Amino acid sequence: MGIVSQEAIKQFQALMDQVMAVDEPLKRTFQNVHQGYLLETFGRFLKAREWNVSKAHKMLVDCLNWRVQNEIDNILAKPIVPTELYRSVRDSQLIGLSGYSREGLPVFAIGVGLSTFDKASVHYYVQSHIQINEYRDCIILPSASRKYGKPITTCVKVLDMTGLKLSALSQIKLLTIISTIDDLNYPEKTNTYYIVNAPYIFSACWKVVKPLLQERTRKKVQVLSGCGRDELLKIMDYGSLPHFCKREGSGSSRHSQNGAENCFSLDHHFHQQLYNYIKQQSLIKEPVHPMKQGSFHVDVPEPAAEGTQIAKTIESEFNKYGNGNGLSDSLDDLKINGD
């Protein structure tokens, strides 16, 4: 880390020390954000604001206020019930943890092309997304840090583009909401995005979208050939490959005969552990009350101008190709504004 970076972090920490000294709620939620890795957290927010200390400080304070106002620290005690509803969410919002890279980074798989987001209200999908973020940050990353004996504060994501269609346009609003939440409150949590099973149309749209991204975001995106197996095996073992990368042409699927292998499935051990953890936390925090049905509403900030521009560009490119395969390069997963 350079001298300029060290000085910026020092200034940032001094500003945050002043806030923590007078605001106990922000101090408590900040502990959940940094999980003991203060310097890495300051570094993430500084990167997201091009190392401008004043802007990074405002971003972090705004994030902490958002967490307090929306009770984000309690979201892992708010299960989506009944289980059948949660299964519907999982079947239409395809994400899972397939394993770890050789450096210890969690490998999250995203079924971009086949996620339909049509089985529940927007609030349930936002709730589910934030719960996975919080479980990653509070459970998965600290556990990986202990196992590998070093700070692990980021992950890698493998985006499966199988099944991209023009109908994905209808989901751009939801994806922009999720992306905005991540950009502002979970910045720089992804080390690299690997795009696999990309149809020809993706390349055409990517050429248009790529120049609109910030340089640090562009550098994180790698478009791999085919299912990406050979390239991904350079950074992870075969057992950590997402199921859609294990053989050429296998593609992604909402359903699999082997739920233990399909990391999108509620039957996969990651989702079983996550859902059981949330149910246990709900019993600990509200032991005398039955689990309530209904989604967990979260205030959603307005998307940044850059994100809106990119969404419009994607929509325009989609429309050029009529009913052919299109690009839903999930604003959720490309983290257009910063992650």
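None of the values given here were measured: they were computed from a predicted structure. Counting from 1, the numbers follow the sequence of the chain as shown.
The two atoms that bring L85 and K119 nearest to each other are CD1-O, 4.3 Å, heavy atoms only. Q35 and C138 make their closest contact through NE2-SG, 3.7 Å (heavy atoms, listed as atom of the first residue, atom of the second, distance). In this structure, L233 and L241 approach most closely via the heavy-atom pair CD2-CD1, 3.7 Å. Scanning all heavy atoms of the two residues, the minimum distance from F264 to I110 falls at CZ-C, 3.8 Å. The two residues H57 and F12 make their nearest non-hydrogen contact at CA-CE2, 3.5 Å. Taking both residues in full, the closest heavy atoms of K285 and A77 are given as CD-CB, 3.8 Å, listed atom of the first, atom of the second, then distance.
When atom types are taken as modelled, the side chain of R44 and the backbone of E188 share no donor-acceptor pair closer than 3.5 angstrom. For the pair E231 (side chain) and L224 (backbone), a donor-acceptor distance under 3.5 Å is absent. Under the 3.5 Å distance criterion, the side-chain polar atoms of Q127 are matched with a main-chain donor or acceptor of K78. No donor-acceptor pair under 3.5 Å is formed between the side chain of R136 and the backbone N or O of T154. Between the side chain of Q69 and the main chain of W66, no donor-acceptor pair closer than 3.5 Å is present. Between the side chain of R87 and the backbone N or O of S265, no donor-acceptor pair lies under 3.5 Å. No donor-acceptor distance shorter than 3.5 angstrom exists from the side chain of Q222 to the backbone of Y193, with no hydrogens or angles considered. The closest donor-acceptor contact from the side chain of H34 to the backbone of F42 lies at 3.5 Å or more, if one exists at all. Not one N or O on the side chain of S240 forms a donor-acceptor pair closer than 3.5 Å with the backbone of S98. A donor-acceptor pair under 3.5 Å links the side-chain atoms of S115 to the main chain of L94, judged by distance alone.
Between H268 and L97, every side-chain heavy-atom pair lies at or beyond the 4.5 Å cut-off. Residues V223 and K210 have side chains not in contact (no heavy-atom distance under 4.5 Å, counting atoms from C-beta outward). At least one side-chain heavy atom of F117 sits less than 4.5 Å from a side-chain heavy atom of L175. V221 places a side-chain heavy atom less than 4.5 Å from the side chain of W206. Taking 4.5 Å as the limit, some side-chain heavy atom of L266 sits within range of a side-chain heavy atom of T83. Side-chain contact between D17 and Q13: present, with at least one pair of heavy atoms (C-beta onward) separated by less than 4.5 Å. At least one side-chain heavy atom of L26 sits less than 4.5 Å from a side-chain heavy atom of V68. In this structure, the side chains of T180 and T176 come closer than 4.5 Å at one or more pairs of heavy atoms.
Taking CG of D62 as the start and CZ of R67 as the end, the distance is 14.0 Å to the nearest 0.5 Å. Note that CG of L64 is 13.0 Å distant from NZ of K27, once rounded to the nearest 0.5 Å. The structure places OG1 of T190 at 4.0 Å from NZ of K157, a figure rounded to the nearest 0.5 Å. The distance from the CG atom of D23 to the CZ atom of F30 is 12.5 Å, given to the nearest 0.5 Å. A distance of 10.5 Å separates CD1 of I130 from CG of L76, quoted to the nearest 0.5 Å. Atom OH of Y124 sits about 11.0 Å away from atom CD of Q131, to the nearest 0.5 Å.
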| query | Passes side-chain contact (heavy atoms from CB on, under 4.5 Å), C63 versus F45? Steps please. | reply | CA-CA 10 Å; C63 164; F45 279 83; 4.2 Å; yes
| query | Checking side-chain contact (heavy atoms from CB on, under 4.5 Å) for the pair C245/Y194: CA distance, chi angles, key distance, verdict? | reply | CA-CA 11 Å; C245 295; Y194 296 100; over 6 Å; no
| query | Which is it for W51 and S5 under the side-chain contact (heavy atoms from CB on, under 4.5 Å) test, yes or no, and what are the steps along the way? | reply | CA-CA 7 Å; W51 295 90; S5 301; 3.8 Å; yes
| field | Intermediate values then yes/no, side-chain contact (heavy atoms from CB on, under 4.5 Å), N74 and Q281 | value | CA-CA 9 Å; N74 292 326; Q281 290 299 304; over 6 Å; no
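Cluster membership check: Y37 does not share its hydrophobic cluster with Y148, using side-chain heavy-atom separations under 4.5 Å among Ile, Leu, Val, Met, Phe, Trp and Tyr. Hydrophobic clustering (side-chain heavy atoms under 4.5 Å, transitive across Ile, Leu, Val, Met, Phe, Trp, Tyr) groups V122 together with V81.
The ring-ring contact (aromatic ring centres under 6.0 Å, His included) pairs that include a residue from residues 72-101 are Y86-Y275, where partners are two or more places apart or lie in different chains.
Here the rule is side-chain contact (heavy atoms from CB on, under 4.5 Å) with I152, and of P106, S101, P142 only P106 fits it.
Around atom NZ of K10, no more than 12 heavy atoms belonging to other residues, nucleotides or ligands sit under 6.0 Å away.
E215 has a carboxylate O that lies under 4.0 Å from a charged side-chain N of K219, or vice versa, which qualifies the two as a salt bridge. Between D137 and K189, at least one side-chain nitrogen of the basic residue sits less than 4.0 Å from a carboxylate oxygen of the acidic one, meeting the salt-bridge criterion. Between E50 and R216 there is a salt bridge, with a side-chain nitrogen of the basic residue lying less than 4.0 Å from a carboxylate oxygen of the acidic one.
Using a 3.5 Å distance cut-off with no hydrogens or angles, the side chains of S128 and R90 do pair a donor with an acceptor.
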